[in-house]
Every structure is written in structure tokens, then in C-alpha cells.
**Student:** 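Sending over a structure as C-alpha cells; questions will come in a sec.
Note: hydrogens, waters and symmetry copies are ignored here, and every other heavy atom, side chains too, is used.
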Amino acid sequence: MTGEASEIALSRQDLREVTAFAAACAEVVLEVFEDDQPDDLRPRDAIGAAWEFARGGERGKTLRDRAWAALKAANSVDTAAAREAARAAMSAAGAAYLHPLAKATQVKHILGAGAHAARAVELVAGDDRSVGAEHLERTLHRATPVVVEVLKRFPTAPGGGGRVGELIRMLDADLRSLTLAE
């Protein structure tokens, strides 16, 4: 059928590596959320579930539920920085659900946690975009060769998405330009 995306080979280990990368990205801004909402464990639980899957756990209902709970946490806060930190946690748990479809939108599963985390630190710094760019530089070092190779199987990140979309595209371009050895 015309217009359907072709399939991309993704192993369970590929998904675990992508999820570990996303969890590491989200973890560094968890404090931004917890400083705002110290009694709300939903983003922490989402990151924990992502790590559990990355380390060999199952990709099931608990992981999906924790991703949705982190999104609900994001929607329940008043500060933009805390909202982005919770979205990073949601993206970390959601990374396990990267689909093997050659669609640019799937890149958000790989890079969403890193972009939301960068946006959170920008907002903490008074919307200083140079802080977000510096954060993306550090994010590049979290990516393993497997994550970069998986990313390169997909089309480049799509347009749109506001500042987070812009950060995804910046991270996408930077990671694709890397030459990493195993």
C-alpha cells in the first residue's frame, strides 16, 4: 500500500540501549520536578521502570502505565521547568515503545527525554538557550554507539514541536554526525 512506512530491524537489545539512554537523560533533571513537587513520585517511578526494562525487565503494562502517570504529573504542575522534567521521565519510559517503522516521528522516542531535559534546564536558567545547548553537548556523551546506530536507521527528526522539537532536531543532527567506535 502506498504511503506506508517500511519496517526497521530493532532487536530487544536495541530497545534496551535506547531506553537506557533516555533514562539517563531524564534522570539528570528529575530534581527539577521533585523540587517543585516533592511528594509526587510518578516521574521517578517512570524513570525507574525505564531502567528496569533497560536492564532486562519486561516491556509491559507497568512500564506503559508509569509513562502515562509521568505525563499526568507533567500536566498537574504549574512551573514549565517541572513540566518538562516530568515529560523527560515520560519519554524515558516511552522509549521502550520505539516502533520499527521508518517514520521521522519515531525519532522522538529516541531523543525526547534528552530534549525535554534540555528544555527543563533552559527554563530553570531563565529560558537561557545557551544552557540548553550546553546540556545537549553533555547528552551526546550519554549516547552509546548502539543508540547512534539505531537513530541512523530512522529518517531525520520531523519539523515542528516548538522549542522541544528544535532541541530534538539539534540533538538528532549532532548524534548523526558522530563517528563512534564500539
Side-chain angles (χ1 to χ4, degrees), residues 10 13-36 41-55 57 59 63-64 66-71 73-74 77 80-98 105-125 128-152 154 156-157 161-178 180:
L10 285 176
Q13 189 55 38
D14 290 339
L15 292 174
R16 292 186 196 289
E17 290 264 351
V18 166
T19 303
F21 167 69
C25 290
E27 202 166 54
V28 298
V29 295
L30 182 58
E31 184 177 298
V32 173
F33 179 84
E34 291 181 338
D35 284 349
D36 189 78
L41 298 177
R42 294 176 290 181
R44 178 173 291 281
D45 290 345
I47 293 169
W51 277 120
E52 187 176 319
F53 171 73
R55 293 177 178 138
R59 186 178 76 161
L63 181 60
R64 191 177 300 271
R66 293 220 172 127
W68 284 117
L71 180 60
V77 297
R83 189 168 23 262
E84 292 300 332
R87 287 180 179 155
M90 179 272 302
S91 294
Y97 294 96
L98 172 65
T105 53
Q106 290 302 308
V107 171
K108 292 186 241 178
H109 281 293
I110 303 169
L111 305 179
H116 284 290
R119 183 63 180 142
V121 298
E122 281 181 349
L123 291 165
V124 166
D128 185 342
R129 290 181 176 215
S130 69
V131 171
E134 289 171 13
H135 186 83
L136 288 184
E137 276 296 314
R138 290 188 297 278
T139 301
L140 292 175
H141 299 290
R142 288 185 190 97
T144 65
V146 171
V147 170
V148 174
E149 195 275 322
V150 168
L151 176 66
K152 289 180 177 181
F154 290 87
T156 58
R163 179 62 179 157
V164 171
E166 188 178 332
L167 290 163
I168 286 173
R169 288 186 293 281
M170 290 167 61
L171 187 54
D172 184 37
D174 289 346
L175 285 170
R176 287 175 192 274
S177 70
L178 291 179
L180 300 173

**Student:** Please check: side-chain N/O of H109 versus main-chain N/O of G94, any donor-acceptor pairing under 3.5 Å?
**Tutor:** yes
**Student:** Taking only residues two or more places apart in sequence, or in another chain, which ones meet S130 in a side-chain hydrogen bond (donor to acceptor under 3.5 Å, both in side chains)?
**Tutor:**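 For S130 the side-chain hydrogen bond (donor to acceptor under 3.5 Å, both in side chains) partners, ignoring immediate neighbours, are D128.
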**Student:** Please determine whether a side-chain nitrogen of the Lys or Arg among K152 and E149 lies less than 4.0 Å from a carboxylate oxygen of the Asp or Glu.
**Tutor:**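 Salt bridge: no.
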**Student:** Taking all non-hydrogen atoms of both residues into account, name the closest pair between C25 and T139 and its distance.
**Tutor:** SG-CG2, 3.6 Å
**Student:** If you round to the nearest 0.5 Å, how far is CZ of R44 from CD of E31?
**Tutor:**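 Answer for the CD-CZ pair, E31 versus R44, is 9.5 Å.
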**Student:** Search all heavy atoms of W51 against all heavy atoms of A20 and return the closest pair with its distance.
**Tutor:** CH2-O, 3.6 Å
**Student:** What's the spacing between D36 CG and R83 CZ if we round to 0.5 Å?
**Tutor:** 9.5 Å
**Student:** Would you give the length of the straight line joining atom CZ of R176 to atom CG of L171, rounded to the nearest 0.5 angstrom?
**Tutor:** 10.5 Å
**Student:** Please give me the minimum heavy-atom distance between A89 and A46, naming the atom from each residue.
**Tutor:**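 Heavy-atom minimum between the residues: O-CB, 3.7 Å.
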**Student:** Would a 4.5 Å heavy-atom cut-off, applied to side chains only, mark F154 and L10 as touching?
**Tutor:**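 A side-chain contact under 4.5 Å exists here.
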**Student:** Quick one, F53 and L15 - any side-chain contact, counting heavy atoms below 4.5 Å?
**Tutor:** yes
**Student:** Does CZ in R42 sit with more than 12 non-hydrogen atoms of other residues, nucleotides or ligands closer than 6.0 Å?
**Tutor:** yes
**Student:** Mind running side chain to side chain contact (heavy atoms under 4.5 Å, CB included) on V148 and L151 for me, showing each step along the way?
**Tutor:** CA-CA 5 Å; V148 174; L151 176 66; 5.6 Å; no
**Student:** What are the two closest heavy atoms between T19 and A95, and how far apart are they?
**Tutor:**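 So the two residues come closest at OG1-C, 3.6 Å.
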**Student:** Report yes if the side chains of V150 and E17 come closer than 4.5 Å at any heavy-atom pair, otherwise no.
**Tutor:** no
**Student:** Would you say the side chain of R142 lies within less than 4.5 Å of the side chain of V28, judging by non-hydrogen atoms?
**Tutor:**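 Side chain of V28 against side chain of R142, heavy atoms only: contact under 4.5 Å found.
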**Student:** Side chains of V124 and V29: closer than 4.5 Å at any heavy-atom pair?
**Tutor:** no
**Student:** Quick test of your reading: applying side-chain hydrogen bond (donor to acceptor under 3.5 Å, both in side chains), list the pairs with at least one residue in residues 110-119, sequence neighbours left out, ordered by first then second residue.
**Tutor:**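 Output for this query lists E84-H116, R119-E122, R119-D127.
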**Student:** For a quick test of reading the model, state the closest non-hydrogen atom pair linking A22 to S91 and the distance between them.
**Tutor:** CB-O, 4.4 Å
**Student:** Does atom CD of Q106 have more than 12 heavy-atom neighbours, drawn from other residues, nucleotides or ligands, at distances under 6.0 Å?
**Tutor:** yes
**Student:** To the nearest 0.5 Å, what is the distance between CZ (R55) and CZ (R16)?
**Tutor:** 12.0 Å
**Student:** Give, for atom CZ of F21 and atom CD1 of I110, the distance between the pair rounded to the nearest 0.5 Å.
**Tutor:** 9.0 Å
**Student:** If you round to the nearest 0.5 Å, how far is CG of L41 from CZ of R66?
**Tutor:**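 Between R66 CZ and L41 CG, I get 10.0 Å after rounding to 0.5 Å.
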